[in-house]
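Numbered from 1 within each chain, the chains take letters A, B, ... in sequence-line order.
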2 protein chains.
Amino acid sequence: MPSAPRPPDLKLTGLIGTLRCAQLFSGLPAEDLTTVAGFIQAVSLGKDDYLFHEGEPSRGCYLVQSGAINVHRVNAAGKEQVIHVFRSGESLAEASLASPTGYPANARAVEPSTVLLIPKAPLLDLIGRWPDLALRMLGSMSAHLRVLVSMLDDLTLKDVETRLLNWLVKHARDTQDGVIHLRGTKRVLAAELGTSSETLSRTLARLRDERLISVDGKTIAVHDAGQLAAMLRHNLGEA
Amino acid sequence: MPSAPRPPDLKLTGLIGTLRCAQLFSGLPAEDLTTVAGFIQAVSLGKDDYLFHEGEPSRGCYLVQSGAINVHRVNAAGKEQVIHVFRSGESLAEASLASPTGYPANARAVEPSTVLLIPKAPLLDLIGRWPDLALRMLGSMSAHLRVLVSMLDDLTLKDVETRLLNWLVKHARDTQDGVIHLRGTKRVLAAELGTSSETLSRTLARLRDERLISVDGKTIAVHDAGQLAAMLRHNLGEA
DNA sequence: GGGCTGCCTTGATGTGGGTCAAAAAAAACA
DNA sequence: TGTTTTTTTTGACCCACATCAAGGCAGCCC
């Protein structure tokens with residue numbers, strides 16, 4: 001886990017910019033922002049480097065500056081279950097701050113990334129001076145809880161086609177033209193859906209053959225979101 | 001959701017006792033405890049009464065005083081997925097405090113219960129004056145997160161034999177002689193394990209043929225819990 | 001007794017999807 | 001540019017499990 005040293009002034013300015021954009025710190029008075037920038041540490045990760053492992057005592061929580069961090073568990077059978085992929089501006093591992101048992105999962109960079117480590121002690125200190133921060137952290141954790149809860153929902157959706165439809169419908173809503181751009185590889189998406197890249201490939205092909213979507217590299221175009229949703233409802237209907 | 005009015009003085013004393021025992025408030029100075037007791041509201045629930053439903057705007061978070069509250073989701077296919085059963089002293093729905101989308105799940109009393117509603121506004125106010133409370137709430141949420149994460153682990157325990165072994169080992173621990181008495185039919189157990197009664201029957205038969213258990217009606221006798229556990233570990237080992 | 005009605009068990013069959021293997025396509029690198 | 005490396009796609013195969021269907025076995029009540 002190498003950390004690249006950089007000219008402190010430039011670094012500081014960049015950091016403050018990043019912090020200002022993160023929902024965790026937006027609205028924090030400039031002077032506090034500088035304080036925060038003073039105690040955070042930038043960490044550079046190469047692809048597949050681990051940021052932390054399950055059970056390790058918590059050093060603090062993290063803010064993704066660039067790249068993508070895959071948070072996952074390895075279940076007793078040795079299979080990796082993706083919990084969430086965090087991208088720039090998102091914060092992770094808040095849960096570990098107040099937990100005696102260390103990090104609850106593993107975190108690994110899916111691509112070269114830089115992450116800001118926000119050490120535990122000064123952060124807890126800052127909460128005392130700026131209680132609003134606690135609220136934001138609660139908010140952020142409640143979002144994570146929601147992610148987990150929705151994963152549970154997804155996992156109880158039986159077949160891969162249904163899970164993929166669900167994913168497509170959900171993500172097509174975030175765009176206006178129904179064109180979804182994958183940020184990671186398809187293998188990562190497959191893992192997120194709890195399947196293999198082969199099966200994902202086949203399922204996408206099936207939907208393409210039925211003219212419901214078109215796929216080109218990392219771009220998936222949803223032709224008719226309504227139709228997909230109808231198909232999803234239909235799949236759920238018989239159970 | 002009827003709330004029973006009671007003599008204010010006695011009520012107050014009882015409340016403060018409850019609060020002092022809850023990990024959320026233990027250690028809070030007596031005067032603050034009184035403040036809290038002043039703004040919380042007791043709610044009495046009959047069996048199967050709902051405390052809140054998914055999506056409802058948050059009134060605040062809750063502390064179970066007596067009884068048991070089942071927090072669950074209903075997934076798209078209409079199946080109810082239990083997230084956790086909260087019992088006296090535990091707090092729930094902290095996540096809803098900082099979330100714009102209301103409660104993330106449903107909560108229903110599994111038996112007659114009394115719950116303390118801690119209204120949102122004054123609680124947020126108290127956090128400002130006593131930041132340690134925020135930490136405790138973070139801690140409590142991180143515990144909830146862990147529960148969810150361990151549920152994920154269970155759901156990914158792939159085959160039925162493994163899930164059944166897991167169930168047997170867990171339940172055999174609650175008895176001294178290793179004899180488990182089913183409370184529902186085998187079909188219900190099958191549903192709990194996420195399989196069909198036929199497959200459960202076959203799997204039980206297999207374990208019986210290997211002399212690991214014996215089955216007679218609603219009674220399952222585990223001959224050697226250690227051996228089952230070893231088998232479970234073995235199943236998990238290769239994958 | 002002889003019919004019901006549930007639950008459990010066993011057999012036969014079909015299929016979703018995981019895995020191995022290898023070709024095809026894209027990206028990365030020299 | 002060609003060459004390696006990674007990703008994606010396809011094909012072949014297999015297995016765990018759901019599902020359908022047919023008996024056993026109880027406990028019922030008439």
side-chain contact (heavy atoms from CB on, under 4.5 Å) between A:Leu207 and A:Leu168, worked out: CA-CA 11 Å; A:Leu207 296 180; A:Leu168 286 173; 3.9 Å; yes
Worked verdict on A:Phe39 versus A:Ile118 for side-chain contact (heavy atoms from CB on, under 4.5 Å): CA-CA 7 Å; A:Phe39 63 69; A:Ile118 306 168; 3.9 Å; yes
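Across the protein-nucleic acid pair, B:Leu200 atom CG and D:dA16 atom P stand 17 Å apart, rounded to whole Å. When rounded to the nearest whole Å, the span between CZ of A:Arg206 and C1' of C:dG17 equals 10 Å. For the pair B:Lys218 NZ and D:dG27 C1', the computed distance is 13 Å after rounding to whole Å. Rounded to an integer number of Å, the gap from B:Arg187 CZ to C:dT5 C1' is 13 Å. Straight-line distance from the CD atom of A:Glu198 to the P atom of C:dG18: 9 Å, rounded to whole Å. In this structure, A:Lys186 atom NZ and C:dA27 atom C1' are separated by 14 Å, rounded to whole Å. One can place CG of B:Leu164 at 11 Å from P of D:dC17, the figure rounded to the nearest angstrom. Between the CG atom of A:Leu189 and the P atom of D:dT7 there is a distance of 14 Å, given to the nearest Å.
OP1 and OP2 of C:dG17 both lie 4.0 Å or more from every side-chain N or O belonging to A:Thr199. Phosphate proximity of C:dC8 to B:Ser197: absent, as no side-chain N or O sits under 4.0 Å from OP1 or OP2. A sub-4.0 Å separation between OP1 or OP2 of D:dA18 and a side-chain N or O of B:Ser196 is present.
Checked by distance alone, A:Arg202 brings no side-chain donor or acceptor within 3.5 Å of a matching partner on the base of C:dG16.
Picking from C:dC7, D:dG11, C:dG18 the nucleotide with the shortest atom distance to the side chain of A:Thr195 gives C:dG18.
At a threshold of 4.0 angstrom between heavy atoms, the contacts of B:Glu161 with the nucleic acid are absent.
In this structure, the ring of B:Phe52 has its center less than 6.0 angstrom from the ring center of B:Tyr62.
Nearest-nucleotide positions on DNA chain C place B:Leu204 closer to the 5' end than the other of A:Val160 and B:Leu204.
Contact annotation: the side chain of A:Val188 never approaches that of A:Asn70 to less than 4.5 Å [non-hydrogen atoms, C-beta and beyond]. Here the side chains of A:His72 and A:Ile83 are not in contact, with every heavy-atom distance at 4.5 Å or above.
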